[in-house]
Amino acid sequence: MVKKFFKLNYGDKNFCRLYLPYKNAKNIPVIIYCHGWTTPIIGGGRIISGAPKAVRDLAIKNGMAFISFDQFGEYRTWGDNRYFTHERWGEGVKNVYDYIVNSGLSKSNLIGCFGISSGTTAAFRMEQKYQQLAFNVSVATAISNNIINVGGPRQFYLDNKQLLDSGGLVKYCGKKISKLFFEDDDKNLCIEHMEKVKCPTLFLQGGLDNDRRKQDAIDGFNMLKAQNVYVEYCLIEGGHCLEQKADICAEKTIEFIKKVLAMQ
């Protein structure tokens, strides 16, 4: 495995980690890993473990590339969370996608996403705006308003409306964020724009995950199926991020990617 660490020189300058099966690999499938919200590591740097690591390792064995990047406000991007929105995370995916194409690493019809939790929001946002992904694997899907807390961002905004409207910040899932985040989610919830998703999609869901994530996966599957988008749903008896079922997650992910790329 060949590793390359770098920062983009445009967009939010996300800190990226590229893993190749061999040196100077070109025109091979590329998996963009979109992580969810987590507690930042002091000093930056993201450790790839659990299901993402298993997916990366199996991708390498199958001649695919894997790229992980620190989305805005996470780790080495050091972005100011007052300006954090899921729109920015979606644009971050687009920035990485464009790097892959412009660098000559791969072709547009070979690049897709593997997202977990809120990282699935970023992947769907990118697809809904640009419709460029060749595939999307969604674990612990987060496409509705029920992200993190019951009632979601909309309810949280209403509960803190006076403070947010006056320019104040509120702590939401460990981040001090502004009204910008809630305005963006209110207008652009993924579940309300699923007709814009055109790429083959796998909903890989843990049976021990919370009911909100499980319902999002089922709803997303049914909506894409009704739109004649190639879609699969797989329930695994694992938790939110499928840590305990990492190998199964990796097998299902790579199997799906190979299948949809062969269908082109």
To the nearest 0.5 Å, what is the distance between CZ (Arg125) and CD1 (Ile143)? 12.0 Å
Side chains of Asp185 and His86: is there a donor and an acceptor less than 3.5 Å apart? yes
Donor-acceptor pair, Ser178 side chain versus Arg82 backbone, under 3.5 Å? yes
Does any N or O in the side chain of Asn222 come within less than 3.5 Å of the main-chain N or O of Ile218, such that one atom is a donor and the other an acceptor? yes
Does the side chain of Asp98 come under 3.5 Å of the side chain of Asn102 through a donor N or O and an acceptor N or O? no
Minimum heavy-atom separation for Pro200 and Val260, please, with both atom names. CB-CG1, 3.6 Å
Classify the side-chain pair Gln215/Asp211 by whether it contains a donor and acceptor separated by less than 3.5 Å. no
Test of understanding: with ring-ring contact (aromatic ring centres under 6.0 Å, His included), list the residues that count as partners of Phe256, not counting sequence neighbours. none
Can you give me the closest heavy-atom contact between Cys113 and Cys34, atom names plus distance? SG-SG, 4.0 Å
Can you tell me how far apart CD1 (Ile236) and CG (Leu208) are? Round to the nearest 0.5 Å. 11.0 Å
Under the 3.5 angstrom rule, does the side chain of Glu91 hit a backbone N or O of Gly11 as a donor-acceptor pair? no
Backbone of Lys196 reached by a side-chain donor or acceptor of Gln131 within 3.5 Å: yes
Roughly how far apart are Leu8 CG and Cys16 SG, rounded to 0.5 Å? 4.0 Å
Within the distance-only criterion (no hydrogens, no angle test), does the side chain of Arg17 pair as donor or acceptor with the backbone N or O of Ser68 below 3.5 angstrom? no
Stepwise side chain to side chain contact (heavy atoms under 4.5 Å, CB included) test for Ile32 and Ile100: CA-CA 10 Å; Ile32 301 174; Ile100 295 168; 3.9 Å; yes
If only atom types and distance count, is the side chain of Ser166 paired as donor or acceptor with the main-chain N or O of Gln162 below 3.5 Å? yes
Transitive ILVMFWY side-chain link Val2 to Leu105, under 4.5 Å: yes
Could you go step by step and tell me if Gln71 and Asn14 meet the side-chain hydrogen bond (donor to acceptor under 3.5 Å, both in side chains) rule? CA-CA 6 Å; Gln71 299 180 23; Asn14 297 300; over 6 Å; no
Side chains of Tyr33 and Pro52: closer than 4.5 Å at any heavy-atom pair? yes
Pick from Asp184, Asp165, Asn160: which one makes a side-chain hydrogen bond (donor to acceptor under 3.5 Å, both in side chains) with Lys179? Asp165
Hey, does Val170 have a side-chain heavy atom less than 4.5 Å from the side chain of Phe182? yes
Determine, stepwise, if the pair Met194 / Leu224 fulfils side chain to side chain contact (heavy atoms under 4.5 Å, CB included). CA-CA 7 Å; Met194 292 301 283; Leu224 293 186; 4.1 Å; yes
Does Leu110 reach the side chain of Ile28, with side-chain heavy atoms less than 4.5 Å apart? no
In sequence, state the C-alpha distance, the side-chain angles, and the governing distance for Asn62 and Lys258, and then conclude on side-chain hydrogen bond (donor to acceptor under 3.5 Å, both in side chains). CA-CA 9 Å; Asn62 281 270; Lys258 291 169 72 173; 3.1 Å; yes
Is it the case that over 12 heavy atoms from other parts of the model lie below 6.0 angstrom from the NZ atom of Lys53? no
Can you tell me how the ring of Phe5 sits relative to the ring of Tyr19, calling it parallel under 30°, perpendicular over 60° and tilted otherwise? perpendicular
So, Lys23 side chain and Leu20 main chain: donor-acceptor pair closer than 3.5 Å or not? no
What I'd like to find out is whether the side chain of Ile177 reaches to under 4.5 Å of the side chain of Leu169, using heavy atoms alone. no
Using 4.0 Å as the upper bound for N to carboxylate O, is an ion pair formed by Arg212 and Asp216? no
Between Glu127 and Gln132, which heavy-atom pair has the shortest distance, and what is it? OE1-N, 3.3 Å
Considering non-hydrogen atoms only, spot the tightest contact between Val139 and Cys249 and give its length. CG2-SG, 4.3 Å
Short side-chain donor-acceptor distance under 3.5 Å, Thr201 and Asn136: no
Would you call Lys187 and Glu192 a salt bridge, using N to O less than 4.0 angstrom? no
Measure the OG1-CG distance between Thr141 and Leu204 for me, rounded to the nearest 0.5 Å. 9.0 Å
So which atom in Phe203 and which in Phe221 form the shortest heavy-atom distance, rounded to 0.1 Å? CE1-N, 3.4 Å
Apply side chain to side chain contact (heavy atoms under 4.5 Å, CB included) to the pair Tyr83 and Phe181, showing each step before the final yes or no. CA-CA 7 Å; Tyr83 306 107; Phe181 170 81; over 6 Å; no
Backbone N/O of Asn95 and side chain of Tyr10: donor-acceptor pair under 3.5 Å: yes
Do Arg88 and Phe72 form a cation-pi contact, if we require the NZ or CZ to be under 6.0 Å from the six-membered ring centre and within 45 degrees of the ring's axis? yes
When you compare the side chains of Tyr230 and Glu232, does any donor N or O come within less than 3.5 Å of an acceptor on the partner? yes
Take Phe69 and His35 through the ring-ring contact (aromatic ring centres under 6.0 Å, His included) test and state the conclusion after the steps. CA-CA 8 Å; Phe69 70 103; His35 66 73; 7.0 Å; no
Could you check whether Phe15 and Phe6 have their ring centres less than 6.0 Å apart? no
Checking the side chain of Ser138 only, and the main-chain atoms of Thr120 only, is there a donor and an acceptor separated by less than 3.5 Å? no
Could you tell me if Thr121 and Ser118 have a donor-acceptor pair between their side chains, going purely by distance under 3.5 Å? no
Lys225, NZ: over 12 other non-hydrogen atoms inside 6.0 angstrom: no
Heavy-atom distance under 4.5 Å between the side chains of Met126 and Leu133, does that happen here? yes
I'd like to check Lys107 versus Val101 (side-chain heavy atoms, cut-off strictly below 4.5 Å). Are they in contact? no
Find the distance between CG (Asn145) and CD1 (Ile191) and round it off to the nearest 0.5 Å. 10.0 Å
CA sep, side-chain torsions, deciding dist, call: Cys190, Gln128, side chain to side chain contact (heavy atoms under 4.5 Å, CB included): CA-CA 8 Å; Cys190 293; Gln128 288 173 337; 3.8 Å; yes
NZ of Lys61 to CE of Met1: how many Å apart, nearest 0.5 Å? 10.5 Å
For Ile31 and Ala59, which heavy atoms make the closest approach, and how far apart are they? CD1-CB, 3.8 Å
